[in-house]
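This report refers to the structure that appears directly beneath it.
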Amino acid sequence: MNLKYLGDALDHWKGAIFESLQTARLLMDFAVDPMSTDSDMWAPADFLIYARLLRVHNTQVLRHKMTLRNRKDYFTEITHMGD
């Protein structure tokens, strides 16, 4: 995800799918990893907008200290055990 694409049609499609799956209780302890390629540019408000577009609670959007430049460390940060 790149901040300049925040709010594109794909976010709306993903949001509809996520909402449907959560409503049907097909996802357990669901979280979203934005995999932002420009995480240093994201402000807290951007994460809020992203959560709203994906129809998830703000706390369901994972935040990282590492960037995707070092994929191993980036993915090692994820300790979430749900979907």
Side-chain angles (χ1 to χ4, degrees):
M1 175 68 186
N2 188 288
L3 191 56
K4 69 182 176 182
Y5 300 116
L6 183 66
D8 68 6
L10 292 177
D11 290 338
H12 294 283
W13 281 103
K14 288 183 276 189
I17 292 168
F18 293 161
E19 181 180 52
S20 176
L21 292 171
Q22 288 184 101
T23 299
R25 299 186 189 277
L26 296 173
L27 296 173
M28 302 299 293
D29 192 24
F30 182 59
V32 175
D33 186 346
M35 293 185 67
S36 59
T37 56
D38 58 350
S39 57
D40 54 327
M41 304 280 295
W42 286 56
D46 298 320
F47 285 100
L48 288 172
I49 292 168
Y50 191 60
R52 286 186 195 132
L53 290 168
L54 297 185
R55 302 177 194 182
V56 298
H57 191 273
N58 181 44
T59 59
Q60 289 176 269
V61 179
L62 302 177
R63 269 89 166 168
H64 287 271
K65 292 179 184 165
M66 300 305 296
T67 66
L68 275 169
R69 287 180 197 99
N70 186 334
R71 295 177 76 80
K72 181 179 182 262
D73 290 342
Y74 179 90
F75 288 112
T76 299
E77 280 188 327
I78 300 174
T79 60
H80 183 81
M81 298 302 291
D83 291 324

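Put simply, F18 and W13 are part of two different groups of oily side chains (I, L, V, M, F, W, Y) that touch within less than 4.5 Å, one to the next. Criterion: ILVMFWY side-chain heavy atoms under 4.5 Å apart, direct or through other members. Under it, L68 and F47 are not part of a common hydrophobic cluster. Linking ILVMFWY residues whenever their side-chain heavy atoms come closer than 4.5 Å, directly or via other members, places V61 and L21 in the same cluster. Residue Y5 is not grouped with residue I49 when hydrophobic side chains (ILVMFWY) are merged at heavy-atom distances under 4.5 angstrom, including chains of intermediate members. I78 and Y50 are not part of a single hydrophobic cluster, where members link through side-chain heavy atoms under 4.5 Å apart.
Heavy atoms only, all atoms of each residue included: D38 and M1 are closest at OD1-O, 3.9 Å. Annotation for A51 and N58: closest pair CB-CA, 3.8 Å, computed over non-hydrogen atoms. Residues L54 and K14 approach most closely at CD2-CB, 3.8 Å, considering heavy atoms.
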Residues V56, Q22; criterion side-chain contact (heavy atoms from CB on, under 4.5 Å); working and verdict: CA-CA 9 Å; V56 298; Q22 288 184 101; 3.6 Å; yes

Residue pair V32, L62: steps toward the side-chain contact (heavy atoms from CB on, under 4.5 Å) verdict: CA-CA 6 Å; V32 175; L62 302 177; over 6 Å; no

D83 and D29: CA distance, side-chain angles, deciding distance, side-chain contact (heavy atoms from CB on, under 4.5 Å) verdict: CA-CA 6 Å; D83 291 324; D29 192 24; over 6 Å; no

Steps toward side-chain contact (heavy atoms from CB on, under 4.5 Å) verdict (R71, M35): CA-CA 10 Å; R71 295 177 76 80; M35 293 185 67; 3.9 Å; yes

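With sequence neighbours excluded, the residues that form a ring pair (Phe, Tyr, Trp, His ring centres under 6.0 Å) with H64 are Y74. Residues passing the ring pair (Phe, Tyr, Trp, His ring centres under 6.0 Å) test with F75, sequence neighbours excluded: none.
Remark: side-chain polar atoms of Q60 are paired, donor with acceptor, to backbone N or O of H57 under 3.5 angstrom. Side-chain atoms of S20 never come within 3.5 Å of backbone atoms of A16 as a donor-acceptor pair (strictly under, hydrogens ignored). A donor-acceptor distance shorter than 3.5 angstrom exists from the side chain of D46 to the backbone of A43, with no hydrogens or angles considered. Between the side chain of N70 and the backbone N or O of D73, at least one donor-acceptor pair lies under 3.5 Å. A donor-acceptor distance shorter than 3.5 angstrom exists from the side chain of D11 to the backbone of G7, with no hydrogens or angles considered.
Here OG of S39 is found 13.0 Å from NZ of K65. Values are rounded to the nearest 0.5 Å. Taking CG from N2 and NZ from K4, the interatomic distance works out to 5.5 Å, rounded to the nearest 0.5 Å.
The local environment of CE in M41 is sparse, with at most 12 non-hydrogen atoms from other residues, nucleotides or ligands closer than 6.0 Å.
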